[in-house]
Amino acid sequence: MGILNLTPDSFSDGGRHAHPAAALEQAQRLIAQGADILDIGGESTRPGADPVSAEDEIARTLPLITALRSISDIPLSIDTMKPAVARAAVAAGASLWNDVAALRYAPEACDVAAELGCQVVLMHMQGEPRTMQAAPHYDDVTAEVCDFLAGRAQAAMAAGVAREKIWLDPGIGFGKTVDHNLALLARLDDVVALGFPVLLGASRKRFIAALHPAADAPDARAPGSIAAALAGAQAGVAAVRVHDVAETVQALDVWGAIANAAGAAA
Ligand code: HH2
């Protein structure tokens, strides 16, 4: 899943694709590099980010969804917490609602997801974007994230979302310390064992710089991001959400070939 943020303030690519022509060019580049899904976002969820209105999010994202829909049939994902934005994106041709709030942002979110009939990513977050990194706390981060995700999947299904439309995401960096992120990355197979496709989003996140201070600039974090993506592949995640598509596809191709050869030799 290639990331395309149409925001002025995203932590790694903010402001770079604000012009519609630049956004379309970047989308085509990610497709050529091997992305299987594009995740389009109009609101930054980085710690401390300011909220954006649904109207602004729609104005930022819809032109690209519409333009892409006329030139490519690649599945498009809308990265939003707001039902109104998901509704507009699905009407324009998006097929996946990527919700970092796991359908908790608005009371009608589960019903809207059921009505739209699209796929939906339910992501774990402790707290809310503005304050989530203030003092994250867990007794057992993996168990608590798994309990939360199983509960949100149940809530979505109770509202009428089909089981096969649901994806889960442990929410790396969302209300988590470096140690919490590492514990989750080490136990991704517990999330996979919940029985839904899992999306992993570790790309260019801050914990990489904490482990390797020379990677302070987000666009210097591709190698660390790939290490996390491979940990995800090893655990059986269904997709990785990444900025560096070409590099990640190459790493996954080689990792996959080695995994196949190991299977054939066994
Ligand atoms: N991370 C970000 C945004 N959306 N969605 C899912 N499902 N999983 C994630 O880990 C995830 C996500 C944050 O990264 P980014 O989009 O690069 O930055 P920003 O939120 O500042 O736009």
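Every number for a ligand or one of its atoms is a count from 1 in the order of the listing. Remember, it's a predicted structure, so these values are computed and weren't measured experimentally. All heavy atoms count here, side chains included; hydrogens, waters and symmetry mates do not.
At least one N/O-N/O distance between Lys205 and ligand 1 falls below 3.5 Å. Taking only nitrogen or oxygen atoms, main chain and side chain alike, Gly201 reaches within less than 3.5 Å of ligand 1.
Close approach of ligand 1 to Met123 (heavy-atom distance below 4.0 Å) involves ligand atoms 6 (C), 8 (N), 9 (C). Applying the 4.0 Å criterion to heavy atoms of Asn5 picks out, from ligand 1, the atoms 15 (P), 16 (O), 17 (O), 18 (O), 22 (O). Proximity to Thr45 (heavy-atom distance under 4.0 Å) selects the following atoms of ligand 1: 2 (C), 3 (C), 13 (C), 19 (P), 20 (O), 21 (O). Taking every non-hydrogen atom of Val100 and a distance limit under 4.0 Å, the qualifying atoms of ligand 1 come out as 4 (N), 5 (N), 12 (C). Listed by number with element, the atoms of ligand 1 under 4.0 Å from a non-hydrogen atom of Arg46 are 20 (O), 21 (O). Per-residue contacts place His243 under 4.0 angstrom from the following atoms of ligand 1 (heavy atoms of the residue considered): 17 (O).
Contacts between Asp169 and ligand 1, counted as non-hydrogen atom pairs separated by less than 4.0 Å, involve the side chain only. The proximity of Arg241 to ligand 1, defined as any non-hydrogen pair under 4.0 Å, is limited to the side chain. By the criterion of a heavy-atom distance under 4.0 Å, the side chain of Leu199, and not its backbone, is placed next to ligand 1.
To the nearest 0.5 angstrom, Leu96 atom CG is 7.5 Å from Asp39 atom CG. If you take CG on Leu182 and CZ on Phe207, they are separated by 6.5 Å, rounding to the nearest 0.5 Å.
The minimum heavy-atom distance between Met123 and Phe148, with the atom names listed, is O-CE2, 3.7 Å.
Residue-environment remark: OH (Tyr105) stays at or below the threshold of 12 foreign heavy atoms within 6.0 Å. Counting heavy atoms of neighbouring residues, nucleotides and ligands inside a 6.0 Å radius, atom CD of Gln250 does not exceed 12 of them.
Looking only at distances, a side-chain donor or acceptor of Glu144 sits under 3.5 Å from a matching main-chain atom of Asp139. Between the side chain of Ser95 and the backbone N or O of Pro75, no donor-acceptor pair lies under 3.5 Å. For Ser72 (side chain) and Leu68 (main-chain N/O), no donor-acceptor pair under 3.5 Å exists by modelled atom type.
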